[in-house]
Amino acid sequence: MENIFDLGWIDYTIMMVYFAFVLGIGWALKRFMKSSTDFLEAGRSIPAWITGLAFIATNLGALEVIGMAASGAKYGIATVHFYWIGAIPAMIFLAIFMMPFYYGSKARSVPEYLKLRFDEKTRGFNAVSFAIMTIFASGISMYALAMLMEVLLGWNFHFSLIISALIVLIYIYLGGLTSAIYNEVLQFFLIVLGFLPLVIIALIDIGGWEGLKTSLAEVSVNNGFEPGAYTQSWRHMNNPSSNPMGVDWIGVAMGLGFVLSFGYWCTNFLVVQRAMAADSMSSARRTPLIGAIPKMFIPFLVILPGMIAIALTSSLESGFELPAKGGSYDYDKAIPMMLGYYFPTGVLGLGLTALMASFMSGMAGNVTAFNTVWTYDIYQSYINRDKSDKHYLRVAHLTTIFGVLISIIAAYVARLFNNIMDFLQLIFAFINAPLFATFVLGMFWKRATGHGAFFGLLSGTTAAAIHHGLTAPVGATVLVKGGWLGTIVHEYPSEMAQNFWTAIYAFTACFILTVILSILTKKLKPDSELKGLVYSLTPRQKDEGVVWYERPVTLSVIIGIIAIILSILFW
Amino acid sequence: MGVDIRFPIGLMFTIFGLVLTILGLVTNSNAEMYKRSLDININLWSGLVILVFGILMLFFALRARKTRKSN
């Protein structure tokens with residue numbers, strides 16, 4: 001098969017320069033790695049603007065970039081729900097209400113907070129499931145990148161997999177979390193500057209936003225929707241059958257905007273770790289807010305190219321076409337195909353390097369989060385207690401190697417058995433869905449007990465599994481999509497609608513059972529032990545005497561207003 | 001921690017900016033090459049924007065270093 005792209009030596013030079021810089025940053029930080037705190041918590045010494053950009057970059061992994069462009073092509077502008085309602089409110093909540101507990105409690109990780117607030121078993125459950133999840137997440141993204149490089153550039157699958165893993169391994173091994181965070185800032189700028197020319201040139205080609213609206217109106221009508229279904233984000237959400245996503249506004253607001261989004265942004269150690277590395281409480285609280293500012297505009301960088309790709313595909317004279325896949329299009333190819341279509345050598349190298357940068361920032365987030373959880377929450381807690389800090393620093397170094405190695409194995413598992421990966425992702429969805437209920441009760445209700453939290457979590461996961469087993473999206477043929485309990489009680493118009501409702505049921509079950517079980521069981525931790533962990537027992541954060549743009553509440557209001565304006569503009 | 005990240009970021013983007021700008025200037029008359037980018041010399045334009053960004057980052061890094069030294 002012929003390669004889609006032909007790279008010139010300039011493109012390779014750009015790539016090599018990038019590799020040299022990420023490795024160089026790791027190397028420059030090596031001499032500062034003197035304790036496990038330096039390596040695993042970045043010494044809690046990073047300024048807010050850096051942690052804020054890292055916070056958003058680690059989420060902007062290759063799967064996000066490729067996946068959001070794919071969603072843009074498949075569902076149109078409604079994909080912005082993953083940003084303006086599905087991220088911003090949760091990021092504001094994390095900054096204002098939750099960061100004081102994470103940062104102020106001196107917990108070194110999210111699972112450790114659960115141990116301080118609840119008990120050992122709740123921490124253990126969260127730590128182990130999170131550790132496995134991060135390994136598979138980085139395995140899957142490694143697999144995706146290597147596949148892409150094979151298809152686009154004709155690079156050997158094993159070669160690109162090993163090289164990309166090795167680079168991430170080296171720069172984290174040398175400089176730990178600090179190196180990951182610093183590199184994420186560099187990668188963030190590279191992703192923005194690498195994709196921006198693509199967006200601009202594609203928009204010019206399609207005739208601007210008005211031109212895109214006209215083209216997509218045609219696509220919309222051909223697919224049986226009203227003309228604006230691909231370019232208006234909320235107007236067609238009254239009925240699942242009137243928008244390509246197959247969801248209604250209740251599912252979007254409750255399932256995505258509330259349960260899934262708050263569960264991800266407020267409890268996932270992958271992102272929270274960046275804020276916990278900040279140099280002060282004030283910086284930690286500003287981290288998600290500084291991240292929220294670019295987050296609001298990322299849809300223009302990743303969703304727009306997907307939408308333009310489908311508009312070009314449907315127009316006869318363009319000459320651009322998304323490759324077909326199983327009766328539909330291979331939406332995941334939207335961004336890479338557009339890069340190859342518009343970019344000559346030079347910027348092409350820049351665009352591909354940006355794609356690699358996004359892969360690395362996502363993978364590094366998984367690796368560093370795994371390192372900390374493994375070393376502190378599993379190794380130090382259950383395997384080998386009371387050793388010197390030097391010992392744990394050594395373990396953290398080895399964990400980096402060990403973590404990357406098993407991610408590579410996971411990538412090969414993904415290559416061999418696609419179904420196993422679908423199945424695993426499903427299990428993780430079940431485990432994650434109820435988590436936010438546990439945290440919100442733990443932080444705002446001092447009566448919540450360890451038994452309540454643990455069994456509440458288990459029942460939330462069970463509820464998710466049962467709901468998934470009894471329902472199915474229309475046209476599902478494989479059991480991993482649902483209905484595996486034999487009878488199908490309810491059929492959802494789309495997989496996304498089913499996911500949203502699975503999350504809603506899991507959250508509700510966990511919330512109710514945690515409350516009931518907490519009332520029935522004895523409160524084992526006295527109020528004095530819960531100081532700094534629960535809202536009512538913690539002194540309020542004071543922001544007086546701080547300049548206005550450094551006050552979390554002022555920043556939140558500004559960000560909230562911008563998100564609302566954007567939503568109205570694309571209503 | 002020890003390293004001002006603006007310095008490597010500024011340096012890398014200055015290099016990228018220079019490479020793309022020079023490439024854009026050298027290939028400016030190559031109509032065939034820029035047909036795909038709607039006859040826009042996208043290397044030159046992207047290169048200039050990236051160069052400005054890189055130099056700005058370097059400027060801030062050097063200014064911070066100066067204030068640290070004078071303190």
Side-chain angles (χ1 to χ4, degrees), chain A residues 8 10-11 13-14 17-18 20-22 24-25 28-29 31-33 38 42-47 49-50 53-54 175-179 181-190 192-194 196-198 200-202 204-205 277 279 319 340-351 353, chain B residues 1-69 71:
Chain A
I10 294 258
D11 302 305
T13 309
I14 290 174
V17 169
Y18 164 73
F21 269 90
V22 287
I25 289 173
L29 288 166
R31 62 199 166 100
F32 300 104
M33 298 296 121
D38 293 334
R44 289 195 165 213
S45 63
I46 312 232
W49 74 272
I50 294 179
L53 292 179
L177 179 62
T178 317
S179 176
I181 288 178
Y182 279 9
N183 271 315
E184 278 155 11
V185 176
L186 177 123
Q187 286 150 353
F188 170 79
F189 287 120
L190 184 54
V192 172
L193 291 169
L196 203 58
L198 177 71
I200 292 172
I201 205 136
I204 295 175
D205 194 20
D279 58 11
Y341 180 69
Y342 286 117
F343 276 7
T345 192
V347 273
L348 182 59
L350 185 78
T353 309
Chain B
M1 200 178 278
V3 176
D4 185 348
I5 186 62
R6 284 170 294 192
F7 199 74
I9 291 177
L11 201 60
M12 187 181 89
F13 284 104
T14 305
I15 296 175
F16 283 179
L18 281 175
V19 167
L20 290 177
T21 308
I22 294 170
L23 178 71
L25 289 174
V26 171
T27 57
N28 198 26
S29 56
N30 189 341
E32 185 60 30
M33 181 170 169
Y34 294 109
K35 224 165 91 184
R36 58 172 64 203
S37 54
L38 320 175
D39 300 317
I40 297 167
N41 189 337
I42 194 168
N43 282 328
L44 181 63
W45 287 109
S46 312
L48 286 173
V49 172
I50 290 170
L51 187 61
V52 169
F53 174 79
I55 290 173
L56 268 179
M57 274 282 169
L58 277 182
F59 169 76
F60 286 125
L62 290 174
R63 200 182 59 172
R65 179 180 284 185
K66 227 183 197 168
T67 15
R68 228 176 298 135
K69 263 193 190 145
N71 285 344

What part of Leu350(A) gets within 4.5 angstrom of chain B, counting heavy atoms only: side chain, backbone, both, or neither? side chain
In terms of heavy-atom proximity below 4.5 Å to chain B, should Thr345(A) be classed as side chain, backbone, both, or neither? both
Just so I understand: if I count every heavy-atom pair under 4.5 Å between each of Pro197(A), Gly24(A), Gly349(A) and chain B, which residue has the most? Pro197(A)
Non-hydrogen atoms of chain A under 4.5 Å away: do they reach the side chain of Ile40(B), the backbone, both or neither? side chain
When the 4.5 angstrom heavy-atom criterion is applied to Ile201(A) and chain B, the contacting part is both
Test your reading of the model: is there a side-chain donor-acceptor pair from Arg36(B) to the backbone of Tyr342(A), 3.5 Å cut-off? no
Could you tell me which portion of Leu190(A) (side chain, backbone, both or neither) has an atom closer than 4.5 angstrom to a non-hydrogen atom of chain B? both
Only pairs of heavy atoms separated by less than 4.5 Å count here; which of Ile42(B), Val19(B), Leu23(B) has the most with chain A? Ile42(B)
With side-chain contact (heavy atoms from CB on, under 4.5 Å) as the criterion, how do Leu196(A) and Val49(B) come out once you've worked through the C-alpha distance, each side chain's angles and the decisive distance to 0.1 Å? CA-CA 11 Å; Leu196(A) 203 58; Val49(B) 172; over 6 Å; no
Say you draw a straight line from CG of Leu186(A) to CD1 of Ile9(B); how long is it, rounded to the nearest 0.5 Å? 5.0 Å
Between Phe32(A) and Val3(B), the two heavy atoms sitting closest are CE1-CG2, 4.0 Å
Contact class of Ile25(A) relative to chain B, heavy atoms under 4.5 angstrom: side chain
When every non-hydrogen atom of Asn43(B) is compared with those of Pro344(A), the smallest separation belongs to ND2-CG, 4.2 Å
Which bit of Ser46(B) is near chain A, if near means a heavy-atom gap under 4.5 Å: side chain, backbone, both or neither? side chain
Any side-chain heavy-atom pair from Trp45(B) and Ile200(A) closer than 4.5 angstrom? no
Tell me whether the rings of Phe53(B) and Phe189(A) are parallel (<30°), tilted (30 to 60°) or perpendicular (>60°). tilted
Separation between CZ of Arg6(B) and CH2 of Trp49(A), rounded to the nearest 0.5 Å: 6.0 Å
Report yes if some heavy atom in the side chain of Phe21(A) is under 4.5 Å from a heavy atom in the side chain of Leu11(B); otherwise report no. yes
